[in-house]
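Structure record follows, encoded as structure tokens.
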Amino acid sequence: YLLGWLASDSKIAINALTGAGGSGKTRLALELLQKMPANWQGGLLASREAKRFLNEKNLASWSWQKSTLVVVDYAALLADTLADWFRELADHPAPEHSLRILLLERHAEKDKGWYSDLADGSWHGRRVRELFSSLEPRRIAPLTQLAQRRSVLEAGLKAAALLKPLTSPTPALPRPGGDARFEQTLGHEQWNDPLLLLMAAVIASSSGIHRALRLSRPDLAKELAKRDQARVKNSVEDPSAKDLLVHLYACVNLCGGLSRKDAGEVAEREFAALHLEYPGGSGRAVKDLARLLGGQD
């Protein structure tokens, strides 16, 4: 559907995709970005960049040099900015290249709330509605079938196996119909979401399938957090560096990622507030974390 939407005749088209947290909205959008035609450009639009862009551009005359896909995650947080942007786009002369805007959010209703306000009953609102490929948001269906859930769990186990020592065997799933307890547990509503199944697969790779599937959603997250905390601590030898590196890692996550420059400034302020010093200084902490996470800039 989404690839067909990219290829449609509309020059400017907006679509909305909804689903619960962990249902795969962002993953699906990232795969769409990867599968764009070679002559397209695209990416995720962050909140701060969207507001800066709107303030600096005359969007009614804005031109883009290639067909473009813009993905807006957590779109409700940007509802006012998006409404202004779409009103400008509704007045845009026919562009040379296509523009696609994909909105991602957990909930969206065409008759009320943030989504409805994007195209109200005004004259401009009616013009904006014409930009939507479908006014009804498309919802990602949950994984309700055991076979679907098994497939995701197996894929997660295979991926986790690539990260494990060769001496550590990967657990195998019971064959279909061969373990009633396993199938009963996998049938719980919690496993509707592929993200939770992948989290369980990572834990199951070392703790076993049955233990992983007994964990609740919060416990899955806590278990993975404990593992990552241990991984960070074990990456440095100096005892005084271990907790500070974990602290910096938490800050980077809470900020949704940081550039090296911004991470350095955060590290300097945080370590000063804690009255602690990282061996080699805050710059060393950023380098150690970037090395551990595989980050460059």
Side-chain angles (χ1 to χ4, degrees), residues 1-21 23-111 113-120 122 124-141 194 256-257:
Y1 168 78
L2 290 174
L3 289 172
W5 173 62
L6 290 186
S8 66
D9 293 333
S10 302
K11 283 299 183 180
I12 302 176
I14 304 167
N15 230 321
L17 194 63
T18 65
S23 62
K25 300 183 298 298
T26 307
R27 180 69 255 171
L28 183 59
L30 290 172
E31 291 198 18
L32 180 63
L33 286 164
Q34 292 172 346
K35 293 179 180 179
M36 288 186 305
N39 60 335
W40 278 61
Q41 63 184 0
L44 288 158
L45 183 63
S47 173
R48 183 168 56 182
E49 173 62 15
K51 293 173 182 176
R52 182 203 65 77
F53 174 70
L54 185 68
N55 290 334
E56 292 186 3
K57 297 282 186 181
N58 177 9
L59 292 178
S61 60
W62 170 51
S63 63
W64 43 100
Q65 305 309 308
K66 292 182 177 182
S67 292
T68 301
L69 169 61
V70 178
V71 177
V72 184
D73 210 351
Y74 301 105
L77 297 176
L78 271 175
D80 292 341
T81 301
L82 291 172
D84 291 340
W85 189 14
F86 295 168
R87 281 193 292 271
E88 295 279 354
L89 287 175
D91 291 334
H92 201 290
E96 179 181 356
H97 303 286
S98 298
L99 175 65
R100 299 290 181 266
I101 302 173
L102 181 61
L103 309 178
L104 307 180
E105 192 48 88
R106 296 189 178 190
H107 303 285
E109 297 183 48
K110 69 174 185 176
D111 298 321
W114 73 272
Y115 183 71
S116 174
D117 292 343
L118 295 177
D120 56 27
S122 66
H124 255 116
R126 290 193 294 273
R127 293 287 307 279
V128 170
R129 285 175 181 239
E130 295 173 3
L131 300 179
F132 280 77
S133 298
S134 170
L135 282 175
E136 189 69 47
R138 295 181 71 90
R139 186 162 185 83
I140 294 182

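Between Y1 and L17, the closest side-chain pair of non-hydrogen atoms is not below 4.5 Å. Using a 4.5 Å heavy-atom threshold, the side chains of L82 and I14 count as separate. Residues M36 and L33 form a side-chain contact, since some pair of their non-hydrogen atoms from C-beta on lies under 4.5 Å apart. At a threshold of 4.5 Å between non-hydrogen side-chain atoms, the residues W85 and L78 do not count as touching. Side-chain atoms of I101 and L131, non-hydrogen and from C-beta on, never get closer than 4.5 Å to each other. Side-chain contact check for L32 versus V71: every heavy-atom pair is 4.5 Å or farther apart.
Other residues, nucleotides and ligands contribute only 12 or fewer heavy atoms inside 6.0 Å of the CG atom of D80.
Residues passing the side chain to side chain contact (heavy atoms under 4.5 Å, CB included) test with A16 are L103, Y115, P137, sequence neighbours excluded. S116 pairs by the side chain to side chain donor-acceptor pair (under 3.5 Å) definition with nothing, not counting sequence neighbours. Annotation: side chain to side chain donor-acceptor pair (under 3.5 Å) contacts of S98 (sequence neighbours excluded): none. Take E31 and apply the side chain to side chain donor-acceptor pair (under 3.5 Å) test, not counting sequence neighbours, and it matches no residue. With sequence neighbours left out, P37 forms a side chain to side chain contact (heavy atoms under 4.5 Å, CB included) with L6, N39, W40. Residues passing the side chain to side chain contact (heavy atoms under 4.5 Å, CB included) test with A13 are W5, S10, R100, S133, sequence neighbours excluded.
The backbone N or O of G19 lies less than 3.5 Å from a partner atom in the side chain of K25, making a donor-acceptor pair. Judged by distance alone, with hydrogens and angles left aside, the side-chain atoms of R87 form no donor-acceptor pair with the main-chain N or O of A119 at under 3.5 Å. Between the K11 side chain and the E96 main chain, a donor and an acceptor come within less than 3.5 Å of each other.
Note: F132 and F86 have perpendicular aromatic rings, judged against thresholds of 30 and 60 degrees for the angle between ring planes.
In this structure, the separation between CG on L30 and CG on D73 is 8.5 Å, given to the nearest 0.5 Å.
Residues P194 and G24 come closest through the heavy atom pair CG-N, 4.4 Å. The two atoms that bring H124 and D91 nearest to each other are NE2-OD2, 2.9 Å, heavy atoms only. L135 approaches R129 most closely through the heavy-atom pair CD1-NH1, 3.8 Å. Contact between Q65 and H97 at its shortest, heavy atoms only, is O-NE2, 3.1 Å. Minimum heavy-atom separation, L118 to A79: CD2-O, 3.5 Å.
With no hydrogens or angles considered, no side-chain donor-acceptor pair links E105 and T18 at under 3.5 Å.
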